[in-house]
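This report refers to the structure that appears directly beneath it.
Lettering follows sequence order; numbering is per chain, from 1. Predicted model only: the values in this text are computed from it and were never measured.
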Amino acid sequence: MPELPEVETTVRGLARVLQGQRISSVQKRRPDLRRALPQDLGQRLTGARVTGLGRRAKYGLVDTDRGDTLVFHLGMSGYWRVDPHELLKHDHFVMDTEAGRRIVLNDARRFGSLDLVETAELGDWPPFKALGPEPFGLDARELQRRLAGRSAAIKLLLLDQRIVAGLGNIYVCEALYRAGIHPRRAGGSISLDRLKRLVPAIHDVLAEAIEAGGSTLKDFVSPDGELGYFSKAFAVYDREGQPCGRGGTVKRIVQGGRSTFYCPQCQH
DNA sequence: AGATATTCCTGGAGGC
DNA sequence: TGCCTCCAGGAATATC
């Protein structure tokens, strides 16, 4: 599912098609995803030139020369296809460039979003305003400060986008495993020494996933249609009952209504 | 304030 | 074969 590495991979793929290109037309194939698409999306994008692409947390950003940024979130099932032969069920948004390229957003579950925000106002845009720091650039002391006084499980706190922005269920499980930290441990009780193992673990697992082109799981496809392969490298995620690789056996528990995978032998 | 539960939606998997 | 239930994912919202 799209977490930070998949969004990063998607943005890089879209950049190859969109960077510097003029948008010739867009097509809304339904009026809403998670929320309504902007009424004036078509007018504001048509004829605009793409000046840059970027990412904030799990959001992809497409800047235009009109001072607007198209902000997309892939939710749980969203993905872009490039130059598809045909349109499929759940293809909700189509954008064409003057160069004759096409990108199509498919999102069966519609937990994703598409917004058009004035680039200069992005920092004040409500969904961005509360976001914590990017995982890259986060250091152990900063994380310790953000966890201070919190009694909730570290697993849940790392999923909270206000504490760190961009982590999802998969990479939180993997990072905690790598750092040897039990997912139920109270966030505020973790020593600085242990956070100094956790932060690099987060960096490493994300960087490796980006390097691998994002994980596929069930329905992530990179923009050029190639499947990523990082999912083969999961140590614990979706591996209940299987060996963790260091002699332990992966266990599944539920936290906040969602599955956590960890190794009781390796994580304390 | 913090912690927890619920909601949105579809499709795939597994049970009978 | 079909019908049923359960589960996955992210984030906003509601409720304790």
Quiz prompt | Atom-pair distance (CG on A/N169; C1' on C/dA8), nearest Å | solution = 9 Å
Quiz item: B/dG2 C1' sits how many Å from A/I163 CD1, rounded?
Solution: 11 Å
Quiz prompt | Whole-Å gap separating C1' (B/dT4) and NZ (A/K155) | solution = 14 Å
Self-check item: Closest to side chain of A/L156, choosing from B/dG11, C/dA8, B/dT4
Solution: B/dT4
Quiz item: Distance check: side-chain N/O of A/S151 vs OP1/OP2 of B/dG2, anything under 4.0 Å?
Solution: no
Quiz item: Looking only at heavy atoms, what is the nearest atom pair of A/G132 and A/R56, with distance?
Solution: O-NH2, 2.8 Å
Exercise. From the options C/dC7, C/dA11, B/dT10, select the nucleotide whose nearest atom is closest to the side chain of A/A108.
Key: B/dT10
Practice problem: Ignoring backbone atoms, test whether A/S77 places a side-chain nitrogen or oxygen under 4.0 Å from the OP1 or OP2 oxygen of C/dA8. | Solution: no
Self-check item: Rounded distance in Å - CG (A/D238) to P (C/dC6)
Solution: 19 Å
Practice problem: Mind calculating the distance between CG (A/D160) and P (B/dT4) to the nearest angstrom? | Solution: 12 Å
Exercise. Would you mind listing every side chain to side chain donor-acceptor pair (under 3.5 Å) that reaches into residues 23-34 of chain A, with sequence neighbours excluded?
Key: A/S25-A/D96, A/R30-A/D32
Quiz item: So what does A/R150 touch, heavy atoms closer than 4.0 Å: a base, only the sugar-phosphate, or nothing?
Solution: sugar-phosphate
Quiz item: Contact class for A/R162 (heavy atom, under 4.0 Å): base, sugar-phosphate, or nothing?
Solution: nothing
Quiz item: Can you find a side-chain donor-acceptor pair between A/K89 and A/N106 that sits under 3.5 Å?
Solution: no
Practice problem: Let me know the distance between OH of A/Y79 and P of B/dT10, rounded to the nearest Å. | Solution: 15 Å
Quiz item: Considering the terminal five base pairs at each end of the helix from B/dG2-C/dC16 to B/dC16-C/dG2, what angle separates the two local helix axes, rounded to 10°?
Solution: 50°
Quiz prompt | Identified side chain to side chain contact (heavy atoms under 4.5 Å, CB included) partner of A/L70 from the options A/L53, A/V117, A/L41 | solution = A/L41
Quiz item: Passes side-chain hydrogen bond (donor to acceptor under 3.5 Å, both in side chains), A/D63 versus A/T51? Steps please.
Solution: CA-CA 6 Å; A/D63 296 330; A/T51 54; 5.0 Å; no
Quiz item: To the nearest Å, how far apart are A/K89 NZ and B/dG11 C1'?
Solution: 9 Å
Practice problem: Check the pair A/D115, A/L37 against side-chain contact (heavy atoms from CB on, under 4.5 Å), reporting the backbone distance first and the verdict last. | Solution: CA-CA 6 Å; A/D115 294 281; A/L37 272 54; over 6 Å; no
Exercise. Take the protein atom NE2 of A/H90 and the nucleotide atom C1' of B/dC9, then report the distance between them rounded to whole Å.
Key: 9 Å
Self-check item: Residues in ring-ring contact (aromatic ring centres under 6.0 Å, His included) contact with A/F261, at least two apart in sequence or another chain
Solution: A/Y237
Practice problem: Taking only the side-chain heavy atoms of A/P127 (C-beta and beyond), determine which of B/dT10, C/dA11, C/dA12 contains the nearest atom. | Solution: C/dA12
Quiz item: Got a donor-acceptor contact below 3.5 angstrom from the A/Q161 side chain to the A/L159 backbone?
Solution: yes
Quiz item: Base, sugar-phosphate, or nothing: which does A/G257 touch, judged by heavy atoms less than 4.0 Å apart?
Solution: nothing
Practice problem: Scan A/S113 against the nucleic acid and name what it touches under 4.0 Å (heavy atoms): base, sugar-phosphate only, or nothing. | Solution: nothing
Quiz item: Considering only side-chain heavy atoms of A/R110, which listed nucleotide, B/dC8, B/dC9, C/dA8, is closest?
Solution: B/dC9
Quiz item: When you measure from the side chain of A/A152, which nucleotide among B/dA3, B/dT10, C/dC7 comes out closest?
Solution: B/dA3
Quiz prompt | Options C/dC7, B/dC9, C/dA11, nucleotide nearest the side-chain atoms of A/F111 | solution = B/dC9
